[in-house]
Amino acid sequence: MKTAFTFTLTMGLLLFGIWLLGAAFSAPTGQAFVFIGGLLCIALAWMIPLLILPSRERR
């Protein structure tokens with residue numbers, strides 16, 4: 001159950017980040033902030049399974 005939730009969360013963050021990257025090009029103002037937000041979402045989607053989950057499983 002925890003694995004399915006983690007997969008859904010990371011996949012949702014990844015897809016939302018990709019959507020934000022694309023939306024940055026059509027935003028009327030604040031394109032840089034939207035683009036950086038997309039990059040942060042994608043980075044967080046990669047960090048959850050690689051860094052956060054293994055440290056929780058060792059405890």
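For this chain, numbers begin at 1 and follow the sequence in order. Just so it is clear, the structure is predicted and the values come from calculations on it, not from any experiment. Heavy-atom basis, side chains included; hydrogens, waters and symmetry copies ignored.
Heavy atoms only, all atoms of each residue included: Thr10 and Ala45 are closest at O-CB, 3.5 Å. The two atoms that bring Gly17 and Cys41 nearest to each other are CA-CB, 3.8 Å, heavy atoms only.
Under the 4.5 Å side-chain heavy-atom criterion for Ile, Leu, Val, Met, Phe, Trp and Tyr, Val34 and Trp19 are members of the same hydrophobic cluster.
Separation of atoms CG (Leu39) and CD1 (Ile18) is listed at 11.0 Å; rounding is to 0.5 Å. Interatomic distance, Leu50 CG to Trp46 CH2, rounded to the nearest 0.5 Å: 6.5 Å. Rounding to the nearest 0.5 Å places CG of Leu14 at 11.0 Å from CG of Leu44. To the nearest 0.5 angstrom, Phe5 atom CZ is 5.0 Å from Leu9 atom CG. For the atom pair Leu40 CG and Met47 CE, the distance stands at 9.0 Å (nearest 0.5 Å). Atom CG of residue Leu20 and atom CZ of residue Phe35 lie 10.5 Å apart, to the nearest 0.5 angstrom.
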